[in-house]
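Lettering of chains follows the sequences in order, A, B, ..., and the numbering in each one begins at 1. For the numbers below, each heavy atom of this structure counts, side chains included, while hydrogens, waters and symmetry mates do not.
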2 protein chains.
Amino acid sequence: MSVTIYDIAKQAGVGVGTVSRVLNNHPNVSVKTRERVLKVAHDLNYQPHAFAQGLARNKTNTIAAIIPFFTNYFFLEVLQGIQDKILTLGYDIMLYGLNENDPEQFESHLLRSTQKGRADGVMLFSLRLPDDFAEKYKHVNHPIVLVDCFHQDFDSITVDNKAGAYAATKHLISLGHERIGMINANPISPPAQHRFEGYKAALIENGLPFDEKLYKSSKIMKYDGFSREAGYVSMIAMLDLPMDERPTAIFVSSDVQAMGALSAMRDHNLKAPDDIAIVGYDDIELAQHIGLTTIGQPMYEMGVLSVGRMLDRLTNRNGSVTHTSFTPKLIIRETCGYRKTEAVSVTNHQV
Amino acid sequence: MSVTIYDIAKQAGVGVGTVSRVLNNHPNVSVKTRERVLKVAHDLNYQPHAFAQGLARNKTNTIAAIIPFFTNYFFLEVLQGIQDKILTLGYDIMLYGLNENDPEQFESHLLRSTQKGRADGVMLFSLRLPDDFAEKYKHVNHPIVLVDCFHQDFDSITVDNKAGAYAATKHLISLGHERIGMINANPISPPAQHRFEGYKAALIENGLPFDEKLYKSSKIMKYDGFSREAGYVSMIAMLDLPMDERPTAIFVSSDVQAMGALSAMRDHNLKAPDDIAIVGYDDIELAQHIGLTTIGQPMYEMGVLSVGRMLDRLTNRNGSVTHTSFTPKLIIRETCGYRKTEAVSVTNHQV
DNA sequence: ATAATTATTGGAAGCACTTCCAATAAAGTA
DNA sequence: TACTTTATTGGAAGTGCTTCCAATAATTAT
């Protein structure tokens with residue numbers, strides 16, 4: 001139906017082998033025939049058939065990405081990095097979005113994307129991996145790289161949540177606060193755990209006590225407690241404390257939660273930073289709009305790097321597993337009171 | 001290397017034709033052989049090779065989506081609709097993101113996605129189409145469906161921008177405002193044009209004059225003026241008017257611009273709705289957080305429907321072109337002053 | 001029981017490529 | 001000039017599937 005290398009071969013008076021060779025820039029074809037073939041191919045407006053190529057080469061030139069939709073802004077930025085990088089390499093992206101943390105859908109996506117001849121490799125994003133994950137997929141024929149999640153046995157690109165939380169808390173400390181609370185998401189989430197660790201470490205290492213009463217974690221399952229609602233109820237709980245026991249500053253484990261916390265404060269006629277200083281986490285688009293001091297993550301870069309890691313893995317299947325961790329950075333805006341000279345850069349701190 | 005239908009055929013003592021027939025649920029194969037083959041396939045953990053199938057069937061079972069990244073939340077929601085629908089149909093999504101409105105990248109994406117054997121069809125999102133688009137792609141072998149953009153010659157799913165703008169303006173009118181301004185994006189954008197038309201129509205049809213001085217459009221090219229900055233400068237310009245000529249309410253052509261406008265007001269110590277009422281457009285996530293009254297679009301539904309349209313087109317290539325338009329709806333929050341009884345539903349209005 | 005249908009089945013051909021091998025042509029060497 | 005060596009070249013085989021056609025087996029009708 002459409003033009004194939006056979007058409008080109010006939011028209012140019014050569015064999016299909018030769019056509020294939022010039023189209024793939026193989027050596028050992030005389031310049032005259034090469035030019036002739038190229039001209040015919042161009043005249044006929046030839047386009048290779050992707051699937052036929054894939055079949056013959058046993059290579060799809062596409063990589064699959066499984067991403068939870070709710071990661072939202074993170075998702076978008078990382079994806080952009082991935083795509084910009086991947087285009088330069090001639091690969092395509094097969095997208096598998098995940099609604100909520102639906103294990104069944106995850107399974108089906110994973111199965112599909114690791115199916116023979118569909119993609120060369122799979123990237124998993126921000127996923128809490130099932131217990132049997134490693135055992136099940138370790139020996140699958142597809143490279144798997146983890147982005148923003150971790151497992152010892154797979155290549156991963158992560159961001160150091162502990163360091164980020166440490167930086168956020170340290171910032172509050174350096175601003176002179178001594179009663180620093182934390183509003184955390186649901187501790188079943190690994191990032192939530194790590195952010196808590198960073199918070200606690202910053203307190204201890206700077207001679208401040210860790211006070212149970214100033215720490216509120218969420219039991220909400222939806223989005224693992226990384227939601228506006230979760231932030232709201234945690235803050236309400238926090239404000240239940242007697243006036244003089246309240247924290248003067250709070251590190252909130254995500255910007256959306258911070259949004260909720262802020263509106264709880266508003267409902268109590270409290271303002272940030274005047275009444276309570278707030279640091280968020282994530283630097284979502286919103287944060288900029290409302291002047292939220294927060295922790296930013298190099299999402300675009302992570303995307304770019306993760307493609308690089310995937311390609312490495314594709315060309316060297318037996319290389320040893322690597323783990324790369326990015327350091328997030330503090331972004332100072334208005335919700336803590338802006339005191340430039342006292343800003344702390346996380347890069348000075350090694351966890 | 002991996003298990004093929006030949007392995008199954010051998011093991012089950014039948015021919016490959018038979019294997020293929022049972023795997024594809026073709027009739028005319030005895031139940032005993034069918035069961036035998038199925039068992040062997042299961043025991044061998046057989047997976048069909050996607051590319052080989054595609055090649056033989058001349059069908060990829062994937063559809064390509066070209067989406068500008070900056071559409072952000074819209075992008076995400078529509079995509080979710082698409083994917084939920086498409087999964088039930090056994091298709092995959094190939095994603096081509098667009099950075100800004102880069103015509104060159106658009107061209108290359110389109111070329112790639114319409115390449116033989118890569119995808120069965122292409123969906124284009126929120127794109128200002130180049131002039132030579134129709135001429136160039138009308139007779140390409142791939143179905144193309146347009147989402148949130150329009151061209152006479154291609155199937156499209158859009159949302160009625162004029163109706164949305166009308167509803168927004170009408171809401172302001174019904175609240176008693178008489179000096180209603182509009183802050184628009186760059187008029188080169190079709191949605192910007194239509195939103196302007198809706199604004200103007202609402203004014204005229206309700207006996208209010210259209211006043212040039214109360215209308216500010218943007219000349220900014222980035223994001224076609226749908227940006228926070230654009231909103232900010234437009235509002236500043238608006239506030240340059242003498243006190244008594246200022247509008248008492250403003251319809252802003254997008255929520256991000258509204259964010260900018262709101263912060264310009266804040267810089268002038270003005271508040272919404274007390275000093276000036278504001279309606280936005282888009283209902284981005286942010287809008288909910290800041291209580292912005294705005295116009296919401298059924299993004300998820302659009303995604304679902306667009307897949308449906310694509311499938312129709314795939315099964316009937318010569319059917320006539322269809323255009324579907326969704327009616328957006330007014331979402332009343334706080335930036336106009338909340339007066340429930342006077343809320344106007346756009347569904348009562350036919351453009 | 002025999003002929004005529006109808007239901008299964010095997011396997012070749014085709015899908016559009018790549019790659020390898022043998023064959024031919026060109027160039028180099030003595 | 002005759003013999004190697006090297007550079008091109010054509011085309012068969014292979015990639016893993018579907019589908020069509022002819023052949024065989026099972027049913028039904030006579």
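No side-chain heavy atom of B/Tyr96 sits less than 4.5 Å from a side-chain heavy atom of B/Val122. The shortest distance between side-chain heavy atoms of B/Tyr137 and B/Leu111 falls below 4.5 Å.
Two residues, B/Lys32 and B/Pro48, neighbour DNA chain D, and the one matched to the more 5' nucleotide by heavy-atom proximity is B/Pro48. Along DNA chain C, the nucleotide nearest to B/Arg36 and the one nearest to A/Ala56 differ in position, and the one closer to the 5' end is contacted by B/Arg36.
A straight line from CZ of A/Arg34 to P of D/dT8 spans 10 Å, rounded to a whole angstrom. Here the P atom of nucleotide C/dT18 and the CD1 atom of A/Ile8 are 10 Å apart, to the nearest Å. Residue B/Arg57 contributes atom CZ, which lies 12 Å from atom C1' of D/dG16 at whole-angstrom precision. In this structure, B/Gln53 places its CD atom 16 Å from C1' of C/dG14, rounding to the nearest Å. Atom CD1 of A/Ile5 and atom P of D/dG11 are 13 Å apart (whole Å). Atom NE2 of B/His26 and atom P of D/dC17 are 14 Å apart (whole Å). Protein atom CG of B/Asn24 is 7 Å distant from nucleotide atom P of D/dT19, rounded to whole Å. When rounded to the nearest whole Å, the span between NE2 of A/His49 and C1' of D/dC17 equals 12 Å.
Ring orientation note: the planes of A/Phe150 and A/His323 are tilted relative to one another, at an angle of 30° to 60°.
Checking C/dT9, D/dC17, C/dC17 against the side-chain heavy atoms of A/Thr4 singles out C/dC17 as nearest.
Listed for the A/Arg313 side chain is a donor-acceptor partner under 3.5 Å among the backbone atoms of A/Gly319.
The side chain of A/Asn28 places no N or O atom within less than 4.0 Å of a non-bridging phosphate oxygen (OP1 or OP2) of D/dA7. For the pair A/Ser20 and C/dT19, the criterion of a side-chain N or O lying under 4.0 Å from OP1 or OP2 is not met. Within the structure, every side-chain polar atom (N or O) of A/Thr33 is placed at least 4.0 Å from both OP1 and OP2 of D/dT8. A close approach under 4.0 Å does not occur between any side-chain nitrogen or oxygen of A/Thr18 and OP1 or OP2 of D/dT8.
Looking at residues two or more places apart in sequence or on another chain, you find a salt bridge (charged side-chain N to carboxylate O under 4.0 Å, His left out) between B/Arg112 and A/Asp92.
Looking at A/Arg21, its side chain comes within 3.5 Å of the base of D/dG10 through a donor and an acceptor atom. In this model, no side-chain donor or acceptor of A/Tyr6 finds a partner on the base of C/dC15 within 3.5 Å.
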